[in-house]
Amino acid sequence: MGLMRHVVCAMSGGVDSSVAALLLKRRGYNVTGVFMKNWDSLDESGVCSTERDCEDAYRVCQILDIPFHQVSYVKEYWHDVFSQLLKEYEKGRTPNPDILCNKHIKFNHFHKYAMHTLGAQAMATGHYARSSQEDEEVFQQAHASPPATLFRDRFEIRNTVKLCKGADLVKDQTFFLSQISQDALRQTLFPLAGLTKEFVKKMAAEAGFHHVLKKKESMGICFIGERNFENFILEYLEPNPGNFVSIEDGTVKGTHKGWFTLTLGQRARIGGQKDAWFVVDKDIVTGDVFVAPTTNHPALFRDTARTERFHWIAGDPPAELVRTQMMECQFRFIHQMPLVPCAVTLNMDGSVWISLSRPVRALTPGQVWRQRLAL
């Protein structure tokens with residue numbers, strides 16, 4: 001391989017990032033493992049789960065005989081992710097903290113730390129995703145920033161790196177990476193790109209990572225874990241009681257503690273109601289949350305939406321969209337949601353109109369809506 005190439009691997013203390021570091025070392029890279037502390041939290045038994053995860057990551061690095069560092073982004077996380085999250089909830093929206101964390105922390109602050117402080121030539125994560133460039137290209141490229149012009153001439157610039165789905169379509173995590181920058185993607189390796197979760201677990205067992213295999217995989221929000229969301233959010237936002245109102249006849253069905261504890265499409269817990277009711281809309285001025293009596297009520301379905309200014313991983317919109325103002329692609333707004341064919345129309349302010357081929361349930365304001373080019 002010639003000169004030893006330095007790669008910094010983000011280590012979470014879980015099985016995926018542990019196997020990512022293992023694969024990088026097997027490929028002959030000079031690997032440094034780094035654990036990010038983003039949130040101070042205690043689990044139900046009063047144990048700091050962050051400290052336990054950090055210890056698990058350290059033990060993996062000991063087994064692999066690679067350097068280990070830890071870095072704290074608690075302040076940055078509070079400012080860039082959590083504060084924004086609270087503002088969005090107060091507006092009645094439903095943001096995705098995992099996407100914000102990747103955008104602002106892992107592929108921004110951590111990316112710069114890996115490149116500039118630790119002097120790495122690439123960073124790596126345990127995401128089930130891949131990019132359109134080969135690993136060799138990550139190291140061969142000249143890391144010059146692209147011109148900051150809008151809709152720049154693609155014939156005068158390096159090839160755009162695309163974010164692509166990995167081999168394990170069930171675990172595919174590209175949705176959570178949909179807001180990262182082109183420069184960060186260009187300098188990132190995804191060692192698990194061609195692997196399934198089952199194979200990753202098998203590799204972890206063979207490598208002796210038994211302490212991470214025993215851990216239950218976290219399915220909760222990145223910092224909340226699997227605690228009760230309503231109780232958690234009411235620790236940070238003042239209760240703002242309002243009424244549950246029937247979308248059909250305007251009658252009051254019960255009360256809630258705040259519209260920000262509820263998201264479109266979820267079942268509303270309404271005391272004294274025998275039948276199930278589902279959230280279809282919120283009025284943050286009156287505090288009313290509108291509910292419907294069935295999970296597939298027509299009020300829950302929409303086939304058009306308008307975004308705010310759109311984030312393109314390539315930096316600029318596709319040439320076809322700039323030229324014709326319209327493009328066929330695919331859409332999702334929830335991780336693992338089936339892709340829905342759609343037409344995208346580009347507006348002058350950088351926002352887009354999305355027209356779906358069929359109505360989707362609970363299209364939620366504030367969620368990240370991901371378009372995927374039908375390549």
Side-chain angles (χ1 to χ4, degrees), residues 12-14 36-54 72-102 104-105 176 215-245 252-292 295 300 333-336 362 364-368:
S12 67
M36 281 179 287
K37 181 180 181 181
N38 296 332
W39 187 259
D40 287 311
S41 64
L42 301 177
D43 64 17
E44 301 302 329
S45 58
V47 176
C48 181
S49 56
T50 303
E51 289 177 10
R52 189 170 54 224
D53 291 338
C54 183
S72 175
Y73 293 121
V74 171
K75 183 178 70 174
E76 292 85 351
Y77 192 96
W78 182 273
H79 181 268
D80 295 339
V81 179
F82 193 62
S83 294
Q84 298 306 312
L85 203 73
L86 295 180
K87 287 175 186 172
E88 287 289 286
Y89 280 124
E90 286 184 307
K91 292 175 184 174
R93 299 174 179 173
T94 305
N96 188 305
D98 301 278
I99 290 174
L100 291 173
C101 182
N102 280 324
H104 295 293
I105 307 299
F176 300 116
K215 296 167 77 169
K216 193 172 96 169
E217 189 166 4
S218 173
M219 301 301 288
I221 292 175
C222 59
F223 57 88
I224 299 172
E226 297 184 38
R227 285 182 285 171
N228 179 278
F229 175 74
E230 180 180 300
N231 294 342
F232 175 84
I233 208 68
L234 285 171
E235 292 177 22
Y236 298 92
L237 296 177
E238 286 293 319
N240 200 329
N243 292 322
F244 283 117
V245 178
V252 174
K253 296 297 178 184
T255 60
H256 59 80
K257 295 178 182 176
W259 64 83
F260 43 79
T261 67
L262 300 153
T263 190
L264 266 58
Q266 79 169 78
R267 181 171 176 170
R269 293 188 181 90
I270 308 176
Q273 291 293 324
K274 184 176 64 176
D275 300 321
W277 289 80
F278 297 86
V279 176
V280 298
D281 204 358
K282 297 186 269 189
D283 186 332
I284 66 170
V285 176
T286 65
D288 289 342
V289 171
F290 297 95
V291 290
T295 186
L300 272 166
F333 72 99
I334 298 172
H335 173 51
Q336 294 184 337
T364 311
Q367 272 282 14
V368 170

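Note that the numbering runs from 1 along the sequence shown for the chain.
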Worksheet entry | Minimum-distance pair of heavy atoms, taken over all atoms of T261 and Q266 | O-OE1, 3.9 Å
Worksheet item: Would you say K282's side chain and L262's backbone share a donor-acceptor pair under 3.5 angstrom?
Response: yes
Item to complete: Kindly indicate whether the side chain of V279, heavy atoms from C-beta on, has any atom under 4.5 Å from the side chain of L300.
Response: no
Response to the item:
Residues passing the salt bridge (charged side-chain N to carboxylate O under 4.0 Å, His left out) test with K215, sequence neighbours excluded, are D53, D56
Worksheet item: Taking atom CG of L237 and atom OH of Y89, what is their separation to the nearest 0.5 Å?
Response: 9.5 Å
Fill in: Reported CG-to-CD1 distance for the pair L100 and I105, which is rounded to 0.5 angstrom
9.5 Å
Discussion item. Can you classify the ring geometry of W39 versus F232 as parallel (below 30°), tilted (30 to 60°) or perpendicular (above 60°)?
Written reply: tilted
Worksheet item: Which pair of non-hydrogen atoms, one from P239 and one from L234, has the smallest distance, and what is that distance?
Response: CA-CD2, 3.9 Å
Practice prompt. Compare all side-chain heavy atoms of P97 with those of L85 and state whether any distance is below 4.5 angstrom.
Written response: yes
Discussion item. Using modelled atom types and a 3.5 Å cut-off, is there a donor and acceptor pairing between side-chain atoms of W259 and backbone atoms of E90?
Written reply: yes
Worksheet item: At their closest point, which heavy atom of N96 faces which heavy atom of D98, and how far apart are they?
Response: OD1-N, 3.0 Å
Item to complete: For D80 and Y73, run side-chain contact (heavy atoms from CB on, under 4.5 Å): C-alpha distance rounded to whole Å, both residues' side-chain angles, the deciding distance at 0.1 Å, then the answer.
Response: CA-CA 10 Å; D80 295 339; Y73 293 121; over 6 Å; no
Discussion item. Could you measure the distance from the NE2 atom of H335 to the CD1 atom of I99? Nearest 0.5 Å is fine.
Written reply: 10.0 Å
Worksheet item: What's the spacing between I284 CD1 and N240 CG if we round to 0.5 Å?
Response: 10.0 Å
Item to complete: Heavy atoms only: give me the nearest L264-P365 pair and the separation to one decimal.
Response: CD2-CD, 4.0 Å
Practice prompt. Supply the atom-to-atom distance F244 CZ to F290 CZ, rounded to the nearest 0.5 angstrom.
Written response: 12.0 Å
Practice prompt. Please report the closest heavy-atom contact between P95 and E88, naming both atoms and the distance.
Written response: CG-CB, 3.6 Å
Item to complete: Would you name the heavy atoms of G265 and A362 that are closest together and state the gap between them?
Response: CA-CB, 3.7 Å
Practice prompt. Drop me the distance from E230's CD to K257's NZ, to the nearest 0.5 angstrom.
Written response: 5.0 Å
Worksheet item: Ignoring hydrogens and geometry, is there a side-chain-to-backbone donor-acceptor pair from D283 to D288 under 3.5 Å?
Response: no
Item to complete: Determine, using ring centers only, whether Y236 and F82 are less than 6.0 Å apart.
Response: yes
